[in-house]
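Just so we're clear, the structure is a prediction, and the values are computed from it rather than from any experiment. Residues: numbered from 1 along the sequence shown. Just so you know, ligand 1 is whichever comes first in the structure, and atom 1 is the first atom listed for that ligand.
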Amino acid sequence: MVDTLNIDIRRTANSRIKEVDFANIPFGKVYADHMFVADYDGKQWTNLRIQPYEYLRLSPANSALHYGQSVFEGMKAYKNEEGEVLIFRPEANFQRLNKSAERMCIPTLPEDIFMSGLTELLKLDKDWVPSTPNTALYIRPFIFATDEYIGIRASETYKFIIFTCPVGSYYSEPVRVKIETKYSRAVEGGTGAAKAAGNYAASLFPARKAQQAGYHQLVWTDARSHQYIEESGTMNVMFLIGDTLITSPISDTILSGITRNSVLTLAREWGYKIEERKVSVKEVIEAIENGTLKEAFGTGTAATIAHIALIGHEDKDYELPPIEGRELSNRVLKTLDAIKTGRAEDKWNWVYKL
Ligand SMILES: *Cc1c(COP(=O)(O)O)cnc(C)c1O
């Protein structure tokens with residue numbers, strides 16, 4: 001196996017880093033100098049390389065473009081006070097990438113290729129990891145089919161790529177969400193638990209309708225009854241009702257968020273009562289109306305915690321309590337930030353140092 005880990009490195013001759021205004025980074029538009037690439041040749045992952053971030057040459061008959069065999073991940077790297085690079089929970093992302101791959105008939109990736117590709121890439125582009133508050137280097141690993149074939153079957157060949165981009169905050173304000181009761185993101189037996197490209201394409205139309213009505217995001221409900229809350233765009237959702245933190249359980253219609261897991265771990269540690277169970281729309285609305293709903297928030301890598309300011313349901317908008325008074329989510333946000341940047345003890349070994 002040793003020779004598969006020979007990573008061929010071709011450096012850029014023209015670093016673009018000086019063009020970047022790190023004090024003012026738009027989300028997902030600026031890419032670091034290099035990317036890691038590996039090919040699946042039908043038998044194994046080979047041809048490991050780091051090269052300048054550049055366009056790919058693809059056949060118009062590339063099967064991923066037509067039938068969507070494509071899965072992705074998202075994670076972040078930070079700098080500590082010594083300027084060392086810290087990656088938050090990359091092994092968890094690796095495992096989830098392979099779970100998504102299995103669901104989409106994509107060959108899984110050996111852990112050493114994922115981890116060596118990631119670490120070598122970040123060593124080379126470590127100057128791209130920003131260090132100002134609320135910034136990070138977003139890391140996008142993904143695998144997609146590369147067969148030049150328009151029959152429908154699992155592709156024989158694939159590419160695995162990791163590229164990165166420095167990012168600032170994802171949401172600049174608390175979010176207004178609409179509870180979706182017509183369209184569905186995921187069905188039992190479907191692909192909702194996979195970070196598969198097509199899931200996001202399918203969500204765009206209902207999300208756009210919600211945006212046109214003045215909301216930032218949708219909250220999806222179960223496809224069968226639309227009575228139970230599942231998750232939001234690319235976030236899991238949680239509610240603090242009384243002293244109990246409630247979130248829908250992981251199932252095949254819900255993406256198993258790493259931030260979700262981290263938040264539950266912290267809240268449990270702090271003595272909150274936690275319930276991973278079905279949460280109905282009715283229960284949430286009633287809790288808003290009788291004043292027992294204290295906090296509602298989304299959890300995900302992009303935003304970490306997105307406070308929910310308002311929930312819309314069937315032509316009615318419900319205002320939630322002010323953000324300043326939200327003890328749990330504000331504490332989670334602060335604590336996770338401190339752990340990720342090496343300023344707080346990393347009890348659960350979440351941080352991977354380069
Ligand atoms: C990525 C994602 C999440 C959040 O997962 P994290 O690991 O916390 O970033 C939640 N829901 C969906 C649908 C997602 O794609």
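The aromatic rings of Y158 and W45 sit tilted, their planes meeting at an angle between 30° and 60°.
Rounding to the nearest 0.5 Å gives a distance of 4.5 Å between CD1 of I7 and CZ of F36. Rounding to the nearest 0.5 angstrom, the gap separating the OG1 atom in T221 from the CD1 atom in I229 is 8.0 Å. Distance check: E231 CD to S256 OG gives 10.0 Å after rounding to the nearest 0.5 Å.
Remark: ligand 1 atoms within the under-4.0 Å shell around heavy atoms of G233 are 13 (C). Heavy-atom proximity to G257, at under 4.0 Å, picks out these atoms of ligand 1: 5 (O), 6 (P), 7 (O), 8 (O). Taking every heavy atom of E231 and a limit of under 4.0 angstrom, the matching atoms of ligand 1 come to 10 (C), 11 (N), 12 (C), 13 (C). Annotation for ligand 1: atoms under 4.0 Å from non-hydrogen atoms of R185 are 13 (C).
Using a 4.5 Å heavy-atom threshold, the side chains of V20 and W128 count as touching. For the pair V175 and I308, the minimum side-chain heavy-atom distance is below 4.5 Å.
Heavy atoms of E73 come nearer than 4.0 angstrom to ligand 1 in no pair at all. Heavy-atom distances between A302 and ligand 1 stay at or above 4.0 Å for every pair. Taking a 4.0 Å cut-off on heavy atoms, R96 registers as neighbouring ligand 1.
Under the salt bridge (charged side-chain N to carboxylate O under 4.0 Å, His left out) rule, E84 has a single partner from K353, K126, K79, which is K353.
Considering only non-hydrogen protein atoms, atom 15 (O) of ligand 1 sits nearest to Y200 OH, 2.4 Å. Looking at atom 2 (C) of ligand 1, its nearest protein heavy atom turns out to be K195 NZ, 2.6 Å. Here the heavy atom of the protein found nearest to atom 9 (O) of ligand 1 is T301 OG1, 2.6 Å.
In summary, the side chains of E230 and T253 do present a donor paired with an acceptor at a separation below 3.5 Å, with no hydrogens or angles considered. For the residue pair T304 and K340, a side-chain donor N or O sits within less than 3.5 Å of a side-chain acceptor on the partner.
Counting only non-hydrogen atoms, the option in N261, T299, T234, T304 that gets closest to atom 3 (C) of ligand 1 is T234.
If you look at N236 next to ligand 1, the close heavy atoms, those under 4.0 Å, come from the backbone and the side chain alike. Heavy atoms of L255 found under 4.0 angstrom from ligand 1 belong exclusively to the side chain.
Taking the six-membered ring where the residue is Trp, the centroids of F72 and F144 are separated by 6.0 Å or more.
For the pair S256 and ligand 1, the shortest N or O to N or O distance does not fall below 3.5 Å. Considering both main-chain and side-chain atoms, T259 comes within under 3.5 Å of ligand 1 through a nitrogen or oxygen pair.
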